[in-house]
Amino acid sequence: AGDSAEVIKIGVIASLTGEVAVYGNAVAEAVKLYVEQFNEAGGIGGKKIKIIEYDDKGNATEAVNAYNRLVSSDNVVAIIGPVISTPTLSVAELSAADNVPMITGTATHPDVTKYGKNYFRACFEDPFQGGAITRFAADYLKAKSGAIIYNTSDAYSTGLKDSITATANEIGFTITATEGYAKGDVDFKAQLTNIIQTNPDVIFIPEYYQSAYLICKQARELGFTGTFLGVDGTDGILEMEGVDPSIVEGMYFANHFAADSTDPDVVKFVEDYNKKYGKNPNALAALGYDAAMILINAIKTVIENGGEGFALTNSAEHRQLIIDALRATELDCVTGNIKFDENNNPIKECVIIQIRDGANHFVANY
Amino acid sequence: MKPTRLIDKTWFRYIINTIAVLLAFGLLVLLTGPTGEGGLLNKYMSQIFIPMGINIILAVSLNLTAGFLGQLPLGHAGFMSVGAYAAALFSIHTDFPKAISFPLSLIVGGIVAAIFGILIGLPALRLKGDYLAIITLGFGEIIRVIILNIPKITGGAYGLKGIPKDTTVISTFVCVVITLFLIHALIKSRHGRAIISIREDEIASEASGIPTTYYKVTTFSFSAFFAGIAGGLYAHFIGVLDPAEFGFMRSVEILVMVVLGGMGSIIGSVVAAGALTVLPEVLRGFSEYRMVVYSLLLIVVMVFKPSGLFGRYDFSLCGAASDIAKAIKKLTHRNKLGIHEEAGK
Amino acid sequence: MNNGETLLNVRNLGINFAGLQALDDFNVQVAPEEIVGLIGPNGAGKTTVFNLLTNVYTPTKGSIDIEGNDTRGKSTHGVAQAGIARTFQNIRLFKNMTVIDNVKVALNNNLRCSMFETLLRLPTYWKEEREAEERALELLDVLNLRAHAYDLAGSLPYGAQRRLEIVRAIATNPKVLLLDEPAAGMNPSETAELMSNIRKIRDRFHVAIILIEHDMNLVMGVCERIIVLNYGLIIATGSPEEIRKNPTVIEAYLGQQRGE
Amino acid sequence: MATLLSVKDMNVYYGVIHAVKGVSFDVEEGEIVTLIGANGAGKSTILKTISGMLRSKTGSIAFDGKDISNIEPYKLLGMGIAHVPEGRCIFQRLTVEENLEMGGYISKPAEVAAAIENVYNLFPRLKERRRQIAGTLSGGEQQMLAIGRAMMTKPRLIMMDEPSMGLAPILVQQIFQFIKELNASGTTILLVEQNAHMALRIANRGYVLETGRIVLEGKASELLTNESVKKAYLGG
Amino acid sequence: MTFLYQILNGIQIGAIYALVALGYSMVYGIVKLINFAHGDIIMLGSYAVWYFMTRLNMPWWLATIATIIFCSIVGIIIEKLAYKPLRNSARISLLITAIGVSLFLQNTVQLIFTANPKMFVTFIPSGGFSIGNRSISYTTLITIAISAAIMVALTLLVSKTKIGKAMRAVSEDNRTAQLMGINVDNTISFTFALGSGLAAVAAVLYVCSYSQIAPTMGSMLGLKAFVAAVLGGIGSIPGAMLGGLLIGVAESLTKGYISSQLADAVLFGILIIVLLVKPTGFFGRGDREKV
Ligand SMILES: Nc1ncnc2c1ncn2[C@@H]1O[C@H](COP(=O)(O)OP(=O)(O)OP(=O)(O)O)[C@@H](O)[C@H]1O
Ligand SMILES: Nc1ncnc2c1ncn2[C@@H]1O[C@H](COP(=O)(O)OP(=O)(O)OP(=O)(O)O)[C@@H](O)[C@H]1O
Ligand SMILES: [Mg+2]
Ligand SMILES: [Mg+2]
C-alpha cells in the first residue's frame with residue numbers, strides 16, 4: 001500500500017552544456033528512458049522515481065555546487081553521475097565524507113571509487129580497456145608495432161595512452177611513436193606525418209569519436225593504410241550526421257556492449273532508445289541506462305526489505321542501506337552481467353567491435 | 001569644497017568599519033554555522049559562499065590592474081592556477097599541522113603567483129592596450145600547457161589530487177576581508193595615486209616623477225599575488241586541480257565580473273562577483289537556457305550601462321551613511337516645499 | 001651648485017626624426033631664477049626642445065646637465081626627480097582624479113612612506129598623508145585653485161586646467177620649470193593674470209622658467225631673455241627689446257606689426 | 001544679400017548642463033560673421049549643433065532656405081557647409097596629403113588633384129611636409145592642414161572654430177588674411193574666435209556670447225569700439 | 001622530405017588562419033574591436049552551408065552564396081544591436097559585449113543543433129597536386145588561391161575605392177570622418193558585412209578541409225587566427241595573410257620537430273617574442289603619441 005503520490009528523488013549530475021555536452025546528454029537521456037520505463041511498470045509498490053537533473057558543464061566547481069544542492073536542498077536519496085572524470089573526482093571526495101550512495105555510468109578514472117565505499121560505477125576502468133585493445137592488437141591482429149596519438153589535455157585520453165604503453169611494454173609490443181595534441185585541435189597532420197614516418201602496423205586512437213574520426217580521415221589522406229584501434233569513446237562514430245563510413249572501415253574498438261548483440265536485453269534497449277530518441281544508443285547511453293538500473297534496483301531492494309510502511313529518506317542510516325544493496329548487486333544489464341568487486345568496480349569483460357560495411361560488428365570478448 | 005562627511009574622524013571610521021566587518025562575520029557564522037554546517041542555511045547554500053569569496057578576491061585583484069592601473073590583462077586565470085598548484089603542492093608535500101599548513105600554503109601560492117607576475121609583467125607591460133591583452137592571454141595559455149605537461153609534479157591531465165579540503169566559509173571570509181583591506185589601503189595612498197595617474201596619462205605621470213614601470217610591475221605582481229591566494233583557496237576547496245579549469249574562458253569570466261561591476265570600483269567588483277557566482281546557480285533549473293540567458297544579460301548590461309553597474313563609484317560605509325542622511329534631509333525638505341506650493345495655489 | 005651661475009646647461013642638442021632634423025646645435029645656459037622665452041614659428045622645434053629636456057625623446061646628440069648632473073640615460077621620471085618639470089602644449093591632466101590628487105601625485109617624490117607602512121597603515125603613513133594634504137592645499141592656493149581642490153580635474157574650466165598643470169609641475173619641487181604655451185586659449189584678461197602668476201611662482205619657489213608662447217604680450221612682458229628658433233636652429237637670442245627689432249625674427253616669426 | 005544660414009532659438013544641453021540658451025542669429029551670403037566670447041561660453045557647441053553632431057532641443061536651423069535641424073552630419077558637406085573643428089581633428093596617422101584627399105572625399109577624383117595644389121599654394125609648408133604623418137606635425141602645421149582640408153570641396157559656408165589657436169603671430173596674420181581672401185572669392189564664413197581683436201577686424205558682423213546667451217550683436221567695427229567688449233575681450 | 005611535408009601541412013591550415021585573420025583585421029581596423037565573435041560567425045557559416053546543402057538540398061555554389069549573404073546579414077545585425085550603442089564607450093565594454101555575443105551564438109546554436117558535431121561532405125574533388133609521395137590537396141590549393149585573391153582584392157578595395165577611403169577615415173576618427181561627408185554608420189556596417197562575408201568564405205573552406213561542425217569550433221580557430229592577425233600587424237591586410245601562413249607553418253613544425261604536446265605554448269611564445277621585438281607586429285603601423 002503506502003501513499004501512491006509519494007516519490008523517491010534521485011539526483012543526476014551530467015554535462016548537459018559545454019564542450020562535453022554530447023556525453024552528458026547521452027547519459028541523461030538513457031537515465032530518463034529507464035526511469036520512465038520503470039515508473040510505467042508501476043514503480044516500487046506504486047511509488048514513482050523522480051529525477052532531479054543538474055548540469056555541471058563538465059566543470060569541477062559546478063559539479064560540486066550541483067552535488068551540494070542535490071544533497072542539501074533537494075534531499076535526494078542517491079545520485080547518478082557525473083559523466084566525465086574530473087568533476088566526478090571532486091564530487092567523489094565530498095560524497096565519501098557524506099556517505100551518499102553514488103553511481104557513475106561512465107567515469108573511467110581509476111580513483112573515482114577509491115575515496116569511499118559509497119561510490120560505484122557501471123563501466124570498467126581505463127587501464128582495463130587500454131590493456132585489452134593492446135592485447136587484441138598483438139594476439140588477434142598479430143600486429144607487430146603501433147603508434148599512439150592522444151589528447152594531452154584530457155585525463156581519459158592520457159590515461160588510456162598510459163595503459164596502452166604499459167601493456168605494450170609488458171607483452172613486448174613495439175610502440176613506434178607517441179604523439180599528442182591539445183583540446184580543440186582539428187589538424188593532426190603534423191603528428192600523423194611523424195607517425196607514418198615510423199611505419200606502424202596500427203594506430204591507437206584513445207579518444208572520443210569526434211576527434212577520432214578526424215584523425216582517421218587525415219591519416220588516410222596522408223596515405224596510412226594500416227588499422228585503426230579505438231576505445232569505448234569511438235562508439236557513436238557512425239551515428240554522426242554525414243559521416244563517411246569508408247574512412248573508418250575496418251577499425252576495431254573496445255566497448256562496453258555490442259549494439260548488434262542478440263542478447264534480448266540489448267535488443268530491447270536499442271529498440272526502446274531508438275523509439276524514444278530516433279537514434280541508436282552509444283556506449284555512454286548504455287552505461288547511463290545501466291547505472292540507473294543498478295541504482296533503482298538497489299533502492300527497490302531496500303524499500304521491499306523495509307517492509308510495510310517503510311519510508312525511504314536521505315538519513316545516514318538509509319544511505320547505508322542503499323549502499324549495502326548496491327554492493328550486493330547482481331543484475332543482468334545492457335552492458336553485461338554486473339557484480340561489483342571489493343572496490344565497487346564492475347567485474348565484466350570488454351567487447352571488441354569492428355566497423356564493417358558501415359556498421360558495428362561484434363568480434364570478440366576480451 | 002572638501003566633501004563633508006557625517007563622520008570625519010578617521011579613527012572613528014575605522015572603528016565603525018571594524019564593527020561592520022565583525023557584524024558581517026557574526027551573520028555569516030549564524031547563517032552557515034561555525035564549521036560550514038549547522039547554521040540557518042543548508043550546506044548547499046553555505047558552500048556557495050566559498051566560490052563567491054574566491055571570485056571576489058579574483059575580481060578585486062584583477063580590478064587593480066584593469067580598473068586602477070588601466071591595463072587590460074587577459075591571463076588572470078594563469079596566475080590563479082600558479083597559486084593553486086603551488087599552494088596545493090605545498091600542502092601535499094609538507095606535514096605541518098593544518099592550522100599552520102593551510103595559511104602558509106595560501107601565502108606560498110600568493111608569493112609564487114606574484115613572482116610569476118613580475119616575470120611576466122616585466123616584458124609584457126612594455127606593451128599597451130589590446131597588445132597587452134593578447135600577450136597576457138598568451139602567457140596564461142603557456143602556463144596552462146606547461147602545467148599539463150609536467151605530470152610528475154602537477155598530475156598533468158589527470159589532475160592533482162589529494163589536496164586537503166581545508167577551505168571553509170570562515171577562512172574564505174577572512175581572506176576576502178584581508179584582500180579588500182590591503183587593496184583599499186594600497187589605492188588610498190601615495191602608491192595608489194601613482195597607479196591611478198598611470199591609467200589617466202602615462203606621459204604626464206612620468207613627467208610628474210612617477211616611476212611608471214616600477215609601479216606597473218608592482219601592481220601587476222600585487223594583483224597576481226591575490227589571484228594566487230584565490231587559487232590556493234580554490235585548490236583546498238575543490239580538492240582536485242584540473243588544468244582545463246584555468247583556461248582562457250576563466251580569465252574572461254573574471255574580467256566580465258570586473259567590467260560588469262565597474263572598472264575602478266571595488267564595491268562593484270564585489271557585488272558583480274557575488275552576483276555572477278549566484279546567478280548560474282539560480283538558473284540551474286534551466287540548464288539548457290542558462291548560458292543563453294547569461295550571455296544575453298551580459299550584452300544587455302553592457303549596452304545600457306557600459307561603464308558597469310557601479311561606474312567608478314567607491315563605497316565607504318560612512319560615506320554611504322552620510323549620503324543617505326543627506327538624501328533623507330533633501331526628501332523631507334522637498335516635502336515641505338511641496339506643501340508650501342500647494343498652499344500657494 | 002656650480003658657482004651659482006649656470007643651473008641648466010644644454011650643449012649642442014639635436015634630434016633627427018627619420019631624416020627630419022627637427023633640432024640642431026641647440027645651446028642654452030639658464031641661470032637660477034631666470035625666465036627665458038622660447039619662441040619661433042610653428043614646427044620650429046620648440047616643443048621638441050622640451051621633449052628632449054625631459055627625455056621624452058632621446059637626443060641624437062648633445063648633452064643636458066642640471067646642477068652639473070648629466071641627464072643622459074635617465075628616464076623621464078628620473079629627469080623630473082633631478083629637477084626639471086613641465087606642462088604640456090595639449091593639456092594632460094589626470095582628468096578623473098580630484099584636483100588635489102593631481103597635485104599629490106606630483107608630490108610623490110618627496111614622500112617616503114614605504115609600501116609596508118602604507119599597507120599596514122602605520123602612524124608614519126597618517127602623518128605623511130596629513131602633511132601631503134596640507135602641502136597640496138598650500139600649492140593650490142598659489143594659483144587660486146583651493147576652492148576646486150575636491151572637484152574632478154576634468155570638470156574644471158579650461159583656464160583653471162592650465163593653472164592646475166602648472167601647480168602640478170611645481171609640486172615636483174623643480175629647479176627648472178618648462179611651460180609650453182600656457183596662455184593658449186586664454187583671453188587677454190586671463191593672460192594678464194597668468195603673467196603675474198609666472199613672476200609670483202619664480203619668486204616664491206625660486207625656479208628658473210623656460211616659456212614657450214605665441215602671445216607676444218606675455219613673452220615680452222615676463223621674459224628676461226628670449227631665444228628664437230626656426231627650422232630647428234637658433235636664429236636669435238637677446239632681450240625682448242632686441243628680439244622685437246630683429247629683422248630676421250620679424251620676417252620669420254613676428255610679421256609686420258600692426259600699427260598700434 | 002540672401003540669408004544663407006539662419007539659427008533660431010537654439011537650446012543645447014550636455015546632460016543637465018544647459019550650454020546654449022535660446023541663441024538666434026543669421027549669416028548672410030558672402031559675409032564674415034564672428035562669434036566671440038570667453039572660454040566655455042558655448043561657441044563650439046553652437047558650431048557642433050549646426051553641423052549635426054549635437055541636437056538642439058528647440059527651434060530650427062536653416063541653410064539656404066532648407067531646414068537642416070535634424071540632418072545627419074555627413075550630409076552637410078555635400079550641401080556646402082564645411083566645419084573646421086576645434087582642436088584640429090586631423091587624421092593623425094594619415095599623411096598630410098592623405099588628409100587632404102579625405103577632405104575631397106565627396107568630390108570627383110579629377111577635381112581632387114587640383115584642389116590639393118590649390119591648398120599647397122596657400123600653405124607651402126604643407127607641401128614640404130606632404131609625406132609626413134599628420135600626427136607628428138607641429139601644432140601650427142596641423143591647424144593649416146585642418147583649414148586646407150576644409151577647402152577641398154569649395155564649400156559655400158565654412159565654419160571655423162578658433163583657427164588662430166596656437167599659431168605664431170605671423171601665421172595668425174596670414175590666416176586672417178587668408179580668411180579675408182577666401183571670403184572675397186565668395187565663401188561665406190562663420191568664425192569662432194578667442195582672438196576677438198583680429199576676428200572683429202576682418203568680420204562684417206559679430207555676436208558676443210556669454211554663458212550660452214548672445215549678449216551683444218552688431219557691426220564688427222562697432223563692437224571693436226564698444227567699451228564693454230573692449231574691457232572684456234580686447235584686453236583694455 | 002618529411003620537412004617539406006610538415007611545411008605543406010602548415011600551409012594548409014595556415015591558409016585558413018589567414019582567411020580568418022583577414023576578417024579580424026578588417027573589423028579591428030575600423031572599430032578597434034577584438035571581435036571575439038568572429039570565430040563564432042565562422043561556426044555559424046559552417047552550420048549555414050551544411051544546412052543549406054543537406055537540408056535544403058541546394059547545390060554547393062548556391063549554398064556558398066547563401067552562406068555569404070547569411071553571414072553578412074548576421075554581421076550587420078550584431079553590429080547594429082550590440083556594438084553600435086557602445087561606439088563611444090570605453091573599448092573594454094565593447095570587448096566584453098563581443099565576448100557576450102560569442103557566448104550567445106555558441107549556446108544558441110547548441111540549443112538548436114545540439115552539441116553533437118555534424119559531418120560535412122566536401123564538394124571539392126579529393127586528390128591533389130603531387131609532390132613526392134604526398135600531395136597538396138585541391139582544397140588546400142583552392143584555399144590558398146582564394147586567400148591570396150581576397151587579399152589582393154581587399155588591398156585594392158581599401159586603397160583605391162571610395163568605400164575603402166571611407167573605411168580608412170572612419171578607422172582613424174569617426175567624428176571627423178563625418179565632417180568629410182562620410183556616412184559612418186554605413187561604412188561600419190559595410191565593414192562588418194565584409195568581415196562576416198570573409199568569415200563565411202573561411203567557413204566553407206574550413207568545412208571542406210576538416211569536415212566537422214560543432215558549436216564550439218570557432219573559439220580556438222578564432223583565437224589562433226587572431227594571434228596570426230596580431231603577428232602580422234593588426235589592421236594590415238598583407239600582415240594578416242603572412243601572419244596566418246606563418247602561424248600555420250610554425251605550428252606544424254613545432255608539432256613535427258619540437259613537441260606536439262607543447263605546440264600551443266610554442267605558438268604563444270613566438271607571438272610574445274615577436275611583439276616584444278616589434279610591438280606592432282610585422283606590418284603594423286605604430287601610433288606613437290606626439291607629446
Ligand atoms: N615624433 C615625431 N616624429 C616626426 N616628426 C616630428 C615628431 N615630433 C615633432 N616632429 C617634427 O618636428 C618639428 C618640430 O616640432 P615641434 O612640435 O617641436 O614644433 P613647435 O615648435 O612646438 O611648434 P608649435 O608652436 O606649432 O607647437 C615639426 O616639423 C614636427 O613635425
Ligand atoms: N562634452 C561635454 N560634456 C559636458 N559639458 C560640456 C561638454 N562640452 C562642453 N561642455 C560645457 O558646455 C559649455 C560650452 O562649451 P563650449 O565648448 O561650447 O565653449 P566654447 O565657447 O567653445 O569655449 P572655448 O573657448 O573654451 O572653446 C561649457 O560650460 C562646457 O564646460
Ligand atoms: Mg609646440
Ligand atoms: Mg570652443
Side-chain angles (χ1 to χ4, degrees), chain D residues 47-48 50-54 71-95 97-109 112 132-139 141-142 145-153 155 158-161, chain E residues 25-26 28-32 80 84-85 87-89 91 155-191 233-237 239 278-281 283-291:
Chain D
L47 295 199
K48 283 186 202 157
I50 295 171
S51 62
M53 294 194 279
L54 297 169
I71 201 162
E72 285 171 86
Y74 73 92
K75 290 186 180 149
L76 274 153
L77 195 63
M79 299 184 67
I81 305 179
H83 182 174
V84 182
E86 187 177 31
R88 291 147 199 169
C89 293
I90 49 155
F91 296 111
Q92 301 275 334
R93 295 194 305 170
L94 301 188
T95 63
E97 192 146 315
E98 285 169 328
N99 262 280
L100 293 176
E101 281 170 9
M102 285 299 172
Y105 178 75
I106 59 167
S107 38
K108 294 192 187 67
V112 174
Q132 188 170 334
I133 300 297
T136 64
L137 291 177
S138 82
E141 292 162 345
Q142 296 189 3
L145 181 57
I147 297 175
R149 197 181 54 185
M151 290 166 44
M152 289 292 296
T153 52
I158 295 191
M159 305 192 290
M160 293 188 195
D161 201 344
Chain E
S25 244
M26 298 300 299
Y28 186 92
I30 202 145
V31 279
K32 302 286 174 292
K80 288 266 185 265
K84 191 178 166 200
R87 210 174 278 164
N88 297 318
S89 331
R91 295 255 304 281
T155 310
L156 289 177
L157 179 95
V158 169
S159 61
K160 295 279 185 280
T161 65
K162 198 140 180 155
I163 183 79
K165 228 167 140 185
M167 286 163 70
R168 279 201 299 161
V170 172
S171 93
E172 289 291 323
D173 179 346
N174 61 33
R175 287 174 152 272
T176 310
Q178 291 190 326
L179 296 177
M180 305 295 108
I182 294 165
N183 185 339
V184 171
D185 286 344
N186 283 357
T187 309
I188 292 181
S189 290
F190 175 80
T191 311
I234 191 144
S236 153
I237 293 168
K278 189 147 187 339
T280 49
F283 292 115
R285 269 209 277 182
D287 41 352
R288 209 176 137 177
E289 244 177 314
K290 178 160 191 295
V291 181

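So that the names make sense, note that chain A is the first sequence line, chain B the second, and so on, each numbered from 1.
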Going by heavy atoms in the side chains, are D:Met102 and E:Asp173 under 4.5 Å from each other?
no
What one should report as the nearest heavy-atom pair of E:Leu179 and D:Pro85 is CD1-CG, 3.7 Å
What do you reckon, is CZ of E:Arg175 surrounded by more than 12 foreign heavy atoms closer than 6.0 Å?
no
Side chain, backbone, both or neither: which part of D:Ile106 has an atom under 4.5 Å from a heavy atom of chain E?
both
Test side chain to side chain contact (heavy atoms under 4.5 Å, CB included) applied to E:Gln178 - qualifying residues, sequence neighbours left out:
D:Met53, D:Pro73, E:Val184
Any non-hydrogen side-chain atom of D:Arg149 less than 4.5 Å from a side-chain atom of E:Met180?
yes
Using the rule side-chain contact (heavy atoms from CB on, under 4.5 Å), only one of E:Asp185, E:Thr187, E:Asn183 pairs with D:Tyr74; which is it?
E:Asn183
Heavy atoms of E:Lys165 and D:Glu101 approach each other most closely as NZ-O, 3.3 Å
Backbone N or O of E:Glu172 within a donor-acceptor pair of the D:Gln92 side chain at under 3.5 Å?
no
Those residues that, when tested against D:Glu141, pass side chain to side chain donor-acceptor pair (under 3.5 Å) (two or more places apart)
D:Arg125, D:Arg129, D:Ser138
Looking at E:Ala169 and D:Phe91, what are the two nearest heavy atoms and their distance?
O-CE2, 3.4 Å
Rounded distance (nearest 0.5 Å) linking atom CG of D:Leu94 with atom CZ of E:Arg168
6.0 Å
